[in-house]
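All chains are named by letter (A, B, ...) in the order of the sequence lines, taking the proteins before the strands, and each is independently numbered beginning at 1.
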Number of protein chains: 2
Amino acid sequence: MGVNMKKESNSTARRGRRPGPNSTRRAVLEAARASFAKHGFVGTTIRLVAAEAEVDVAQVMQFFRSKDALFAAVMAIPESALERFNSLYEGPDEHLGERVVRAFLTAWEGVIEESEPLMATLRGAFVNDQARNQLSDFIQSRLLAGTNENHCSDARLRTGLASSMLVGVVVGRRVIGVPTIVAADHEELIRILAPAIQQILVQ
Amino acid sequence: MGVNMKKESNSTARRGRRPGPNSTRRAVLEAARASFAKHGFVGTTIRLVAAEAEVDVAQVMQFFRSKDALFAAVMAIPESALERFNSLYEGPDEHLGERVVRAFLTAWEGVIEESEPLMATLRGAFVNDQARNQLSDFIQSRLLAGTNENHCSDARLRTGLASSMLVGVVVGRRVIGVPTIVAADHEELIRILAPAIQQILVQ
DNA sequence: GGAATATATCAACACGCGTTGATTTAATTA
DNA sequence: TAATTAAATCAACGCGTGTTGATATATTCC
């Protein structure tokens, strides 16, 4: 009784084929991440992900149990993106706005392993409840994670608004594709946005 | 030869039943507007729109030719919303930011006949090319329409960014539903956002 | 009345989707 | 070798979708 030990094997190790290098699973995950980031949740089909990863359709369902589970595996916000926001409040207060804008731009437009899950979450937030909650948490509390002051409701609102506005800039650049905003480079954006974010955050 | 004159009728008016009060068409349009605004383009099914309007499915396809055409008819940004932005530059410059924020909040959260097409366009921008272009134009040039100065590229970028950020706030409130941002009322938002938008617009 | 036209209803098509089951091949251990 | 287990492939199901055609019922003009 107790735990389910099959047969009389005295070894706890399971027998049979060990999981291989799992290169296929990773290929599926990367194809899915790219597709979810580019086409959104409903615009992504398992069949196309499978084709992109050069894998059978049923294989995708065997690794991940469903399309929702596959999406959940993709949109897990990577640690590297979260850590980017943890040390924002260290440093001179008069440059807080600039540090925040830089952190956002780097997270959303840096290496694809970091930005694609965020884009997938953003696009999915319009359709998928889990993505909506995750993005809500990100907007609400990412900028608050670095500070250890008492968060009066006004500070919570201010950080939430600053995050929303920067997400709006990302939407303008990478979803809607407003030409003028797309054409601007990071330093140009920082020069204009940093003072405004600064004003919102520190009153 | 010439124009197509049927029979020898000397009257250009067509015979047969004249279009009725068209109450059904309007009911379909209102149901579609609400659904596109609430559930987005892909989340809206013609069958549900027809059911909501208490109309047969094929009727919807008879009035509007396709789902895309129905969506196009819905997301036409109403004149009242556009006019809201035409007189923004009349008045003291030190209150420009406040006027802009007020115009956005009123357009996006005022009466549903005005805000629903905007919400439909916003949600559709993630899937539909036409909606994306329309929203891009709105973000790019709505704030510029009121001014008659020479638009240096810097001013175009600044107005585009201000619009994107305010769209981001709307996304946070009405799409993602960030609790703190949803809970804030208009005056609270204006108090925090107006100075930041002011700073972006007038440098 | 009778022709002409708009409005409304019914049933079905073709397609792509997520998902499932059966089956075969490959790798690992007793 | 033989058993065990994972990886991979094939074919299909059930469902909901946008869309279409045939058909019946009103309404308007000659």
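Side chains of B:Thr180 and A:Gln140: a donor on one and an acceptor on the other come within 3.5 Å. Inspection of the A:Glu114 and A:Ser80 side chains reveals an N or O donor paired with an N or O acceptor under 3.5 Å. A donor-acceptor contact under 3.5 angstrom links the side chains of A:His186 and A:Glu109, judged on distance only.
Aromatic ring centres of A:Phe71 and A:Phe64 lie farther apart than the 6.0 Å criterion allows. You'll find the ring centres of A:Phe126 and A:Phe41 outside the 6.0 Å limit.
Rounded to whole Å, the distance from CG on A:Asp56 to C1' on C:dT20 is 12 Å. The separation between B:Phe41 atom CZ and D:dT17 atom P is 13 Å, rounded to whole Å. Atom CE of A:Met61 is separated from atom P of D:dA6 by 19 Å (rounded to the nearest Å). Between the CZ atom of B:Arg25 and the P atom of C:dA6 there is a distance of 14 Å, given to the nearest Å. Rounded to whole angstrom, the span from the CD atom of B:Glu54 across to the P atom of C:dA8 amounts to 13 Å. Between B:Gln62 atom CD and D:dA26 atom C1' the separation is 13 Å, expressed in whole Å. Rounded to an integer number of Å, the gap from A:Phe63 CZ to C:dT19 P is 17 Å. Nucleotide D:dC15 holds its P atom 18 Å from the CD1 atom of A:Ile46, rounded to whole Å.
Minimum atom distance to the side chain of A:Gln59 is reached by D:dA7, of the listed D:dG18, D:dA7, C:dC17. Nearest nucleotide to the side chain of A:Ala58, out of D:dG18, D:dT20, D:dT9: D:dT9.
Taking only side-chain nitrogens and oxygens, A:Thr45 never comes nearer than 4.0 Å to OP1 or OP2 of C:dG16. Regarding contacts with the backbone of D:dA8, a side-chain N or O of A:Thr24 is found under 4.0 angstrom from either OP1 or OP2.
Judged by distance alone with a 3.5 Å cut-off, no donor-acceptor contact links the side chain of B:Arg47 to the base of D:dG16.
B:Val55 comes within 4.0 angstrom of nothing in the nucleic acid, heavy atoms only.
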